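The structure appears below as structure tokens.
Residue numbers start from 1 in every chain, and the chains themselves are labelled A, B, ... in the order their sequence lines are given, proteins ahead of strands. As the structure is a computational prediction, the values presented were derived from the model and not from experiment.
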Protein chains: 2
Amino acid sequence: MTVQRRVILEELRAVTTHPTADELFHRVRDRLPNISLGTVYRNLDVLVRNRQARRIENGGGQCRFDGDMDRHYHIRCVVCGRVDDVAGPAPGGAMAPHVDAPGYEVTGFRLEYEGICASCRKATERPRAH
Amino acid sequence: MTVQRRVILEELRAVTTHPTADELFHRVRDRLPNISLGTVYRNLDVLVRNRQARRIENGGGQCRFDGDMDRHYHIRCVVCGRVDDVAGPAPGGAMAPHVDAPGYEVTGFRLEYEGICASCRKATERPRAH
DNA sequence: ATATATGCAAAGCTTTTGCCCTTTC
DNA sequence: GAAAGGGCAAAAGCTTTGCATATAT
């Protein structure tokens with residue numbers, strides 16, 4: 001646990017604005033003028049891996065596109081990133097009205113399932129003690 | 001409706017893999033060897049605006065981070081991109097089990113509300129006929 | 001001491017944009 | 001023939017990485 005990592009975590013916890021890496025970098029730099037953006041990125045990775053922070057998901061780097069305009073949901077493989085359609089009815093139709101977000105006009109929600117696809121499950125099967 | 005746009009849409013509809021722009025570009029290039037990646041991006045934008053395709057959301061370009069590890073949900077302003085916490089209990093606890101995603105081991109879901117935040121609502125207020 | 005982390009800068013990747021030419025209506 | 005769109009290449013923006021140095025345990 002280095003000074004930099006501690007300050008990054010402190011500053012992240014000190015705000016409720018869900019900052020981007022760059023915003024956090026500027027805050028941290030007020031206290032550690034020599035810190036670099038790369039360090040912030042590296043430490044955010046570590047913190048997320050250690051469950052001390054959360055990355056607000058963006059579902060992987062690249063955008064994907066879908067020509068099927070019927071209402072349906074997606075499931076994304078957390079291992080390989082592939083995206084498949086989820087069969088069946090919309091699961092959460094009654095969900096949105098319950099939101100308590102003061103000041104917001106709530107227009108909808110985005111829902112994406114996560115899982116491990118068939119081929120990634122096969123690839124990660126452990127040899128079993130017999 | 002140009003040849004390029006039609007082919008892009010045809011190829012997008014021909015697959016169920018939810019391709020990235022680059023994957024689609026390579027498919028389309030088999031039929032239109034001179035097409036450029038920029039054209040694919042521009043047309044995907046148009047198709048999405050025209051509701052002929054969907055962008056599988058990534059919630060805006062940059063990642064955001066959150067130091068609050070308690071289970072809670074977020075709402076994102078679709079105008080300015082800011083992210084706030086949603087107060088109240090988890091809305092969709094009973095949702096995940098209903099998913100029908102053959103082959104997948106479903107590990108969870110990601111849910112993010114969308115809306116227009118207070119200051120963006122103020123900024124877009126229209127002068128009202130009296 | 002030795003592994004780990006930092007700072008800095010460069011590279012990587014996806015996406016957007018400018019410019020000029022071509023196609024569409 | 002005016003308006004929209006395309007091709008190409010450069011730019012932009014976020015994130016990752018290589019490397020030499022410094023810090024932590």
### Task
Please figure out whether A21(B) or V46(A) has its closest DNA chain C nucleotide nearer the 5' end.
V46(A)
### Query
What's the CZ-P distance between R5(B) and dC25(C), to the nearest Å?
10 Å
Nucleotide N/O of nucleotides 16-24 of chain C paired with protein N/O under 3.5 Å:
unit_1, atom_1, unit_2, atom_2, d
dG18(C), O6, R42(B), NH1, 3.2

### Query
What heavy-atom pair brings C117(A) and C77(A) nearest, and what distance separates the two atoms?
N-SG, 3.4 Å
### Query
How far apart are the closest heavy atoms of R82(A) and D84(A), and which atoms are they?
NE-OD2, 2.8 Å
### Atom pair CG (L24(A)) and CD1 (I35(A)), whose distance is rounded to the nearest 0.5 Å
8.5 Å
### Message
Can you pull out the residues from residues 22-35 of chain B that lie within a 4.0 Å heavy-atom distance of DNA chain C?
### Response
none
### Message
Please give me the minimum heavy-atom distance between Y104(A) and I75(B), naming the atom from each residue.
### Response
CD2-CD1, 3.5 Å
### Message
Tell me whether the side-chain N/O atoms of Q4(A) come closer than 4.0 Å to OP1 or OP2 in dG7(C).
### Response
yes
## Note on the structure
Closest non-hydrogen contact found for G67(A) with R13(B) is O-NE, 3.8 Å
### Query
Would you say H18(B)'s side chain and V83(A)'s backbone share a donor-acceptor pair under 3.5 angstrom?
yes
### Query
Is there a donor-acceptor pair under 3.5 Å between the side chain of R64(B) and the backbone N or O of I56(A)?
no
### Query
Atom CG of L47(A) and atom P of dT4(C): how far apart are they, to the nearest Å?
17 Å
### Message
Less than 4.0 angstrom between a side-chain N/O of N43(B) and OP1 or OP2 of dG5(D), yes or no?
### Response
no
### Atom of D68(A), atom of R54(B) and distance for their closest heavy-atom approach
O-NH1, 3.8 Å
